[in-house]
Amino acid sequence: MARILITSAIPYINGIKHLGNLVGSQLPADLYARYCRARGDEVMFICATDEHGTPAELAAKKAGKPVAEFCAEMHEVQAGIGARFGLSFDHFGRSSSAQNRALTQHFAGRLADEGLIEEVSESQVYSHADGRFLPDRYIEGTCPNCGYDKARGDQCENCTKQLDPTDLIEPRSAISGSTDLEVRDTKHLYLKQSQLKDKLSAWIDSKTDWPVLTTSIAKKWLHDGDGLQDRGITRDLDWGVPVKRGTEDWPGMEGKVFYVWFDAPIEYIAATHEWADKTGGDWERWWRTDKGADDVKYVQFMGKDNVPFHTLSFPATIMGSNEPWKLVDYIKSFNYLNYDGGQFSTSQGRGIFQDQALDILPADYWRWWLLSHAPENSDAEFTWEAFQTDANKDLADVLGNFVSRVTKFCRSKFSEALPEGGVYGEAETKLIGDLTTKIRAYEAHMADMEVRKSATELRGIWVAGNEYLQAEAPWTTFKTDPEKAAMQIRLALNLIRVYAVLSAPFIPEASAKMLSGMNTLDTSWPDDVDAALQALPAGHEFTVPEVLFAKITDEQSAEWAERFAGTRD
RNA sequence: GGCGUUAUAGCUCAGUUGGUUAGAGCGAACGACUCAUAAUCGUUAGGUCGGUGGUUCAAGUCCACCUAACGCCA
């Protein structure tokens with residue numbers, strides 16, 4: 001039994017995420033977690049909300065709530081949506097937790113002790129009206145290059161010229177619109193990542209089995225231009241982890257907080273600590289190689305935009321601490337999911353948001369479609385037409401109808417119990433061999449986190465059942481040899497249980513319905529297919545389940561395409 | 001401007017370290033079946049693998065250049 005630590009990139013707190021966020025990290029992470037558990041591994045599956053930083057403060061302000069209250073509420077909302085999608089986190093934490101505060105401060109202290117922290121003085125724009133320093137992108141003004149009057153302090157999106165906030169003509173706060181700005185000197189802590197460059201580089205080079213997407217992004221940041229740059233890890237904000245050196249105050253850093261990208265990945269560890277505090281479990285057993293974590297396999301899931309932080313910044317924090325923390329063993333990264341020819345956009349309200357998706361269809365439809373089209377090798381495209389066609393074909397026609405035809409046939413010709421009699425012939429032997437091959441292939445793809453290939457293989461396993469029925473035609477056999485038909489349908493009913501077990505990582509709700517219909521709690525994995533197809537004996541009673549997957553109609557598809565074309569809010 | 005990723009049948013994608021007639025699903029056409037959510041199963045049609053040149057006995061698969069899309073960075 002292996003021990004697998006799984007983390008999904010932690011979603012930002014400022015609003016409800018769209019489906020692109022789901023398929024890029026949480027959903028495939030859940031697929032893997034469920035699969036590992038089903039195979040008997042000991043799994044710790046961690047996620048959390050990423051709560052610090054300016055966008056959270058602004059979103060809270062917009063909602064008219066104190067930021068802590070806003071975050072607490074949004075955390076519950078996101079946790080609720082995750083639960084409805086069937087995300088099986090062992091713990092869904094919060095980066096604003098006391099555990100993360102302590103751990104973040106601890107890491108900063110360790111890094112300072114190791115000589116990897118540097119104090120840098122820099123100039124930043126302070127807004128009197130807002131009572132705060134403004135991040136570059138929250139300063140607006142007229143572009144000195146093209147005259148565009150809504151250029152941001154980091155870049156003019158009209159002419160794409162990179163800017164410094166002081167370049168702007170008539171700069172103003174993007175938050176309040178105030179022009180009462182002042183350039184002030186302020187001191188910040190920098191993590192000297194450049195000193196760890198060789199170590200990080202060697203580490204990345206040793207990961208020859210990682211996806212190209214992951215390593216190519218990491219290498220680009222390591223070697224591009226002047227190489228890996230030192231990184232500011234503090235900000236002049238109120239909302240965040242207060243800057244401390246371990247448990248000690250940090251002279252000169254009063255009133256400052258750690259940058260959100262410094263504390264967010266540390267929350268993976270802290271969330272496990274939160275889990276331990278809640279359950280009485282042992283979190284260090286998962287994270288400290290000197291305290292039992294040396295046999296843990298740690299896998300991270302994330303979208304490609306998060307790769308630099310997980311391949312470089314966070315490992316730099318871990319390595320730099322010079323303490324025996326668990327480093328990631330495998331990073332599975334994803335490209336983007338596009339929506340009807342463009343990008344999903346949180347800010348523009350374009351695409352489908354997670355709560356909306358659940359309002360129109362059960363989670364399994366989304367889980368199946370998104371996972372079977374996971375953007376593993378390149379950006380993928382969501383269209384309503386494809387979604388409707390694929391979901392109907394795969395879920396309703398191939399799997400759902402299989403369950404339906406088998407159970408209803410048995411009910412009408414025999415009873416709502418597995419019929420007895422008959423012995424296997426050539427066709428059954430062949431089916432068992434075929435299924436064994438396919439299931440072994442499925443296992444291999446799942447173990448490799450090849451999401452699309454796993455889905456394809458699983459679908460093939462479903463199809464094999466229909467092929468068998470079509471070829472053996474128990475409805476015909478029944479007329480001349482009822483015993484043989486009984487054997488065939490007994491096998492097919494057992495196949496439903498096997499399908500439920502195999503499919504559970506993808507479609508847990510439907511899987512539960514299938515098991516419930518088959519009136520069994522036996523979720524044992526079909527290591528031995530022959531034996532698995534005899535798990536339910538003759539005489540075992542079942543009920544015909546309700547329709548597993550209703551089809552998506554043309555009207556629904558058209559209406560939803562219309563409804564989600566525009567913007568939200 | 002630099003770098004990266006991608007470019008394979010109408011659509012969505014597979015194609016291991018270069019090696020016999022380039023694969024799957026969907027869609028299409030035709031056929032079989034009638035237990036089932038008008039579901040299922042089978043057969044067939046469809047690609048000079050973005051373009052040009054090169055390496056090689058042999059290239060979708062390596063190299064160069066070009067084009068296009070997307071992304072990152074200046």
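Every chain is numbered from 1, with letters handed out A, B, ... down the list of sequences.
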A.B. asks: Could you check how far NZ of A:K453 sits from P of B:A24, rounded to whole Å?
C.D. replies: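 Taking atom P of B:A24 as the reference, NZ of A:K453 is at 16 Å.
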A.B. asks: Using atom P of each nucleotide, how far apart are B:G31 and B:G19 to the nearest Å?
C.D. replies: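 Straight-line distance between the two P atoms is 40 Å.
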A.B. asks: Could you give the CG-to-C1' distance, from A:N392 to B:G25, as a whole number of Å?
C.D. replies: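 It is 15 Å, rounded to the nearest whole Å.
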A.B. asks: Do A:R84 and A:D359 meet the salt-bridge criterion of a basic N to acidic O distance under 4.0 Å?
C.D. replies: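 Looking at A:R84 together with A:D359, the answer is yes, because their closest N to O distance falls below 4.0 Å.
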A.B. asks: Using atom C1' of each nucleotide, how far apart are B:U61 and B:G1 to the nearest Å?
C.D. replies: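 The answer is 31 Å between these two C1' atoms.
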A.B. asks: Could you state the CG-C1' distance from A:D394 to B:G27, rounded to the nearest angstrom?
C.D. replies: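 The distance from CG of A:D394 to C1' of B:G27 comes to 14 Å, rounded to the nearest Å.
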A.B. asks: Need the glycosidic conformation of B:G25: syn if within 90° of 0, anti if not. Which one?
C.D. replies: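 Judged by the O4'-C1' to base torsion, B:G25 sits in anti, the angle falling more than 90° away from 0.
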A.B. asks: Identify which one of A:W368, A:Y365, A:W366 satisfies the ring-ring contact (aromatic ring centres under 6.0 Å, His included) criterion when paired with A:F387.
C.D. replies: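 For A:F387, the ring-ring contact (aromatic ring centres under 6.0 Å, His included) test succeeds with only one of A:W368, A:Y365, A:W366, which is A:W366.
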A.B. asks: What integer number of Å spans the C1' atoms of B:G53 and B:A59?
C.D. replies: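 After rounding to an integer number of Å, I get 14 Å for this pair.
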A.B. asks: Applying a 3.5 angstrom cut-off to the pairing atoms, does RNA chain B sit in any stems of at least three consecutive Watson-Crick or G-U pairs? List them by first number.
C.D. replies: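 So the stems come out as B:1-7 with B:67-73, B:10-13 with B:23-26, B:28-32 with B:40-44, B:50-54 with B:62-66.
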A.B. asks: Between A:D394 and A:R459, does at least one N-O distance fall below 4.0 Å, as a salt bridge requires?
C.D. replies: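 Here A:D394 pairs with A:R459 in a salt bridge, since their nearest N and O are under 4.0 Å apart.
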A.B. asks: Are A:W369 and A:F382 close enough that their ring centers fall under 6.0 Å?
C.D. replies: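 Yes.
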A.B. asks: Just how far, in rounded Å, is P of B:G71 from CG of A:N306?
C.D. replies: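 A:N306 atom CG is separated from B:G71 atom P by 17 Å.
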A.B. asks: When the nearest nucleotide of RNA chain B is assigned to A:R459 and to A:C410 on a heavy-atom basis, which residue is associated with the more 5' position?
C.D. replies: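 Going by which nucleotide is closer to the 5' end, it is A:R459.
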A.B. asks: C1' atom, B:A14 versus B:U55: distance in rounded Å?
C.D. replies: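 Going atom to atom, C1' in each nucleotide, I get 27 Å.
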A.B. asks: When every nucleotide of nucleotides 39-46 of chain B is labelled 5' to 3' by its protein contacts under 4.0 Å (heavy atoms), B for base, S for sugar-phosphate only, - for none, what sequence of letters results?
C.D. replies: SBSS----
A.B. asks: Only pairs under 3.5 Å count here: list side-chain donor-acceptor contacts from residues 501-516 of chain A, not counting sequence neighbours, and write none if there are none.
C.D. replies:
residue : atom : partner : partner atom : Å
A:S503  : OG   : A:W462  : NE1          : 3.1
A:S503  : OG   : A:Y499  : O            : 2.6
A:S511  : OG   : A:A500  : O            : 2.6

A.B. asks: Say we look at B:G50 and B:C35: how far apart would their P atoms be, to the nearest angstrom?
C.D. replies: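 Rounded to whole Å, the distance is 48 Å.
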A.B. asks: Give me the distance, rounded to whole Å, that separates B:A7 from B:C49 when you measure between the C1' atoms they each carry.
C.D. replies: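 Between the two C1' atoms, the distance is 10 Å.
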A.B. asks: Could you check which of B:U37, B:U34, B:U12 has an atom nearest any side-chain atom of A:S404?
C.D. replies: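 Nearest nucleotide to the side chain: B:U37.
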A.B. asks: Rounded to whole angstrom, note down the P distance from B:G27 over to B:A22.
C.D. replies: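 B:G27 and B:A22 have their P atoms separated by 25 Å.
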A.B. asks: For A:F478, report the nucleic acid contact type (base, sugar-phosphate, nothing); a contact means any heavy atom under 4.0 Å.
C.D. replies: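 Nothing: the residue A:F478, judged by heavy atoms under 4.0 Å, touches no strand.
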A.B. asks: Distance to the ring centre below 6.0 angstrom and angle to the axis at most 45 degrees; does that hold for A:K192 and A:Y190?
C.D. replies: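 The answer is no, since A:K192 fails at least one limit relative to A:Y190.
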A.B. asks: Toward the 5' end of RNA chain B, which comes first, A:L395 or A:T456, by nearest nucleotide?
C.D. replies: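 Per heavy-atom nearest nucleotide, the more 5' residue is A:T456.
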A.B. asks: A:N335 CG to B:C72 P: how many Å, rounded?
C.D. replies: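 In whole Å, B:C72 P and A:N335 CG are 12 Å from each other.
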A.B. asks: Using the six-membered base ring of B:C35, report whether A:F409 stacks on it, requiring centroids under 5.5 Å and planes under 30° apart.
C.D. replies: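 Ring-base stacking flag not set for A:F409 and B:C35.
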A.B. asks: Without decimals, in angstroms, what is the distance between A:F414 CZ and B:C35 P?
C.D. replies: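 Result: 14 Å.
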A.B. asks: Tell me what A:L469 touches on the nucleic acid: a base, only sugar-phosphate, or nothing, going by heavy atoms under 4.0 Å.
C.D. replies: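 Counting heavy atoms under 4.0 Å across all strands, no contact is made by A:L469.
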A.B. asks: To the nearest 0.5 Å, what is the distance between CG (A:L371) and OG (A:S454)?
C.D. replies: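 Nearest 0.5 Å value for the CG-OG distance: 9.5 Å.
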A.B. asks: Take the protein atom CG of A:D305 and the nucleotide atom P of B:C73, then report the distance between them rounded to whole Å.
C.D. replies: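 Distance check: A:D305 CG to B:C73 P gives 11 Å.
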A.B. asks: A:T456: which residues meet the side chain to side chain contact (heavy atoms under 4.5 Å, CB included) condition with it, sequence neighbours left out?
C.D. replies: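 Scan of A:T456 (side chain to side chain contact (heavy atoms under 4.5 Å, CB included), adjacent residues dropped) gives none.
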A.B. asks: Could you pull out all residues at least two apart from A:P482 that satisfy side chain to side chain contact (heavy atoms under 4.5 Å, CB included)?
C.D. replies: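 Only A:F478 meet the side chain to side chain contact (heavy atoms under 4.5 Å, CB included) criterion with A:P482.
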A.B. asks: Grab the CG-P distance between A:D390 and B:C13 for me, whole Å please.
C.D. replies: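 Rounding to the nearest Å, CG of A:D390 and P of B:C13 are 11 Å apart.
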A.B. asks: Between B:G23 and B:U56, how many Å separate the two C1' atoms, rounded to a whole number?
C.D. replies: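 After rounding to an integer number of Å, I get 26 Å for this pair.
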A.B. asks: Is there any salt bridge (Lys or Arg N to Asp or Glu O under 4.0 Å) pair reaching into residues 429-439 of chain A, and which pairs are they, with sequence neighbours excluded?
C.D. replies: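 Non-adjacent pairs meeting salt bridge (Lys or Arg N to Asp or Glu O under 4.0 Å): A:D434-A:K438.
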A.B. asks: Return yes when atom NZ of A:K484 has more than 12 non-hydrogen atoms of other residues, nucleotides or ligands closer than 6.0 Å, and no otherwise.
C.D. replies: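 For A:K484, atom NZ is not crowded (no more than 12 foreign heavy atoms under 6.0 Å).
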